[in-house]
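All values below come from the heavy atoms of this structure, side chains included, with hydrogens, waters and symmetry mates left out. Chain naming here is simple, since letters A, B, ... match the order of the sequence lines and numbering starts at 1 in each.
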Amino acid sequence: MEYRHDVCLEELCPVCGDKVSGYHYGLLTCESCKGFFKRTVQNSKKYTCIENQACRIDKIQRKRCPFCRFQKCLHVGMRLEAVRADRLRGGRNKFGPMYKHDRALKQQRKALIQASSICPESSLLLASSKHQKAFTVTGGLHRHTVFWSTPSLCSFLPSNSSGVTQDLHTSLSNQTFMLEYSSNCASSTGTAAGIVINPSQYSSHFSNQGSRMPPLVVEFLRCDPDEIELQNKITTRLQQEQMCREKHRDNDTFSLMCIMADQMLCSIVQWARASIFFKQLKVSDQMKILHHCWSELLLLDIISRQVLYGKEGSLLLVTGQEVILSDLVSCVSPLVASLTQRGQDLVEKLHALKVDRQEFACIKFLILFNPDVKELEGHGFVETVQKQVEGALLEYILSSSSQYLGRFAHLLLCLSELRSLSTLTEDYLYFRHLRGEVPCNNLLNEMLHAKCSWNEDFYVHDSIRKH
DNA sequence: TTAGCCTTGAGT
DNA sequence: ACTCAAGGCTAA
């Protein structure tokens, strides 16, 4: 199943890649998956997988494992409740407005993309990198030693999600995130992944904008960690570790920055884990995705902090401390100085665009759900989510900016630059890692380790087996 | 059991 | 009257 362009994607079934025949049970699917889903639900069929519940489902092989096919149906967002218990024919159900809205969004996106002269899939810009970035902070900050170990990535992720239940009722209860569709909300959701947020749940938080904000954006904001809490948490941990480990290790600025980055990575992983869509992925996919985008997310975190809260000429750390940029640039290597400068240029671009929290929240999800990640079991799902996120971002921009065409294109270009920067910075970190200069036993280290076994599967997988 | 085609009927 | 997602039918 090769999805190269949105043009094709629009017409391919997210379950098997066959030609789409219309909206069925919540999303666009082919006729055969529609029939399969209907038969399974109507007859309460129970299947078993003779492999390891990870069979590839495509047009050719879809008949081979109904268990995995049905799992995939649920995974991409087909809705059990759209199969009628009374078997009444004809008419319309409550999903009608959702389909209509989805169609309108697709139309809108197509028009926008054409008008922006961007390739049919914005994911061309969003999605082609092998790895990412790092951060370039250094300078005369702390003068103390901080070192501690962090749990590995797999310990952040649930260990039991490989066991997929085949029971329909359990499947239903697993979908508690699928909140009821509300046709009177300006939603950007309810598309292929079938996720629809009821904005009334959050309207108290965003009462000034709640009526206009796409529900998915509201949800992204809700997932976003609070900056003050994050600052307190990381500062506290840095202090704790400083007290515990004062005697250990050299405390050069680079090590300190690694440790801070490591803490930020922990919070990024926690954010992902608690976020809509991500929890639906299998743990193996969650790991692949995080291994792929950690540095980009880390860099975005640093950059968004500068754009939203920072002052010109200084670098605001997650701990709330400020570093004067000119001091910083003068005491690091030329490579790091140039990376810092590029990062600063990006900050200025985003600042000029007045990118807000909502947009950053969407961008984080665009980075996280990158369909370019290799060998994902839930590849179709990731693509679907990315399209939904793009749709939500687009809708948000449409509602909040009169310059939406240029704005959307600009944001994509900034993302492209972010990716390129992240690749360079990650390479730099990797180089320091190979020289043994990155503190061990932490998440950052593990990410870099994963990078070194890029085509094999990975250090983390070993950790899983041990568990 | 699958999947392509057919029938139905509420919403527009 | 038309649309289009439901369910139904049936050859393979």
Side-chain angles (χ1 to χ4, degrees), chain A residues 1-3 8-51 53-111 164-169 171-172 175 178-196 380-381 384 387-388 391:
Chain A
M1 214 173 7
E2 294 243 349
Y3 296 132
C8 312
L9 277 171
E10 299 287 307
E11 290 151 18
L12 296 183
C13 171
V15 179
C16 70
D18 201 354
K19 188 167 176 284
V20 155
S21 70
Y23 285 90
H24 305 295
Y25 309 110
L27 63 147
L28 289 168
T29 73
C30 69
E31 195 63 23
S32 71
C33 289
K34 164 199 155 189
F36 170 77
F37 189 77
K38 180 187 70 177
R39 288 193 301 275
T40 302
V41 179
Q42 280 182 339
N43 305 321
S44 303
K45 287 187 181 300
K46 304 283 188 293
Y47 308 115
T48 44
C49 176
I50 56 169
E51 302 286 327
Q53 304 184 349
C55 304
R56 185 179 182 78
I57 304 298
D58 56 29
K59 191 180 172 184
I60 307 296
Q61 304 192 64
R62 66 190 174 198
K63 281 193 266 193
R64 282 177 46 172
C65 181
F67 178 97
C68 292
R69 190 182 187 182
F70 187 59
Q71 284 308 315
K72 194 162 179 192
C73 288
L74 294 173
H75 207 232
V76 300
M78 293 182 80
R79 310 289 290 258
L80 295 164
E81 65 270 37
V83 179
R84 297 172 185 166
D86 55 12
R87 300 202 167 194
L88 271 180
R89 302 169 81 184
R92 289 284 130 91
N93 61 16
K94 64 172 178 171
F95 294 108
M98 186 170 107
Y99 298 144
K100 191 177 169 191
H101 187 262
D102 190 50
R103 245 191 287 267
L105 257 184
K106 284 184 161 64
Q107 201 62 37
Q108 197 178 54
R109 187 165 56 217
K110 203 171 276 179
V164 187
T165 175
Q166 190 62 17
D167 181 84
L168 289 181
H169 299 290
S171 299
L172 258 181
Q175 297 180 3
M178 292 188 182
L179 307 174
E180 197 59 28
Y181 180 74
S182 163
S183 59
N184 59 357
C185 69
S187 84
S188 68
T189 60
T191 55
I195 290 162
V196 182
F381 176 71
T384 300
K387 288 171 72 180
Q388 284 204 47

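- Contact annotation: A/Gln42 reaches the phosphate of C/dG8 (side-chain N/O to OP1 or OP2, under 4.0 Å).
- Within 3.5 Å, no donor on the side chain of A/Arg39 pairs with an acceptor on the base of B/dT1, nor the reverse.
- Rounded to an integer number of Å, the gap from CZ of A/Arg84 to P of B/dT7 is 18 Å.
- Along DNA chain C, the nucleotide closest to A/Arg92 and the one closest to A/Ala85 are compared, and the more 5′ of them pairs with A/Arg92.
- OP1 and OP2 of B/dG4 both lie 4.0 Å or more from every side-chain N or O belonging to A/Lys19.
- OP1 or OP2 of C/dA6 has at least one side-chain nitrogen or oxygen of A/Asn93 nearer than 4.0 Å.
- If you take CZ of A/Arg89 and P of B/dT8, they are 6 Å apart, rounded to a whole angstrom.
- Here A/Tyr23 does not reach the OP1 or OP2 of C/dT3: none of its side-chain N or O atoms lies under 4.0 Å away.
- Listed nucleotides B/dT2, C/dA6, B/dC6 differ in distance to A/Glu31; the shortest reach to its side chain belongs to B/dC6.
- In this structure, the NZ atom of A/Lys38 is 11 Å from the C1' atom of B/dC5, given to the nearest Å.
- Proximity of A/Lys72 to A/Cys55: side-chain heavy atoms (C-beta onward) are nowhere separated by under 4.5 Å.
- More than 12 heavy-atom neighbours from other residues, nucleotides or ligands sit within 6.0 angstrom of CZ on A/Arg84.
- Taking atom NZ on A/Lys34 and atom P on C/dA5, their separation rounds to 10 Å, with Å as the unit.
- The distance between atom NE2 of A/His24 and atom P of C/dC4, rounded to the nearest whole Å, is 12 Å.
- Contacts of A/Arg69 with the nucleic acid, taken as non-hydrogen atoms under 4.0 Å apart, involve only primed sugar atoms and P, OP1 or OP2.
- Listed here is the closest heavy atom pair of A/Ser21 and A/Glu31: OG-OE1, 2.8 Å.
- Taking atom CZ of residue A/Arg103 and atom C1' of nucleotide C/dC4, one finds them 8 Å apart after rounding to whole Å.
- Contact annotation for A/Arg62: backbone-only contact, meaning every heavy-atom pair under 4.0 Å involves sugar-phosphate atoms and none involves a base.
- Qualifying salt bridge (charged side-chain N to carboxylate O under 4.0 Å, His left out) partners for A/Lys38, counting only residues two or more places apart in sequence or in other chains: none.
- Taking the six-membered ring for Trp and thresholds of 30 and 60 degrees, A/Tyr47 and A/Phe36 have nearly parallel ring planes, at less than 30 degrees apart.
- Straight-line distance from the CZ atom of A/Phe95 to the C1' atom of C/dT3: 19 Å, rounded to whole Å.
- The side chain of A/Lys63 has B/dT2 as its nearest neighbour among C/dA6, B/dT2, B/dC6.
- Separating the CZ atom of A/Arg87 from the C1' atom of C/dC9 is a distance of 13 Å, rounded to the nearest angstrom.
- Between A/Tyr25 and C/dC4, a side-chain N or O to OP1/OP2 separation shorter than 4.0 Å is absent.
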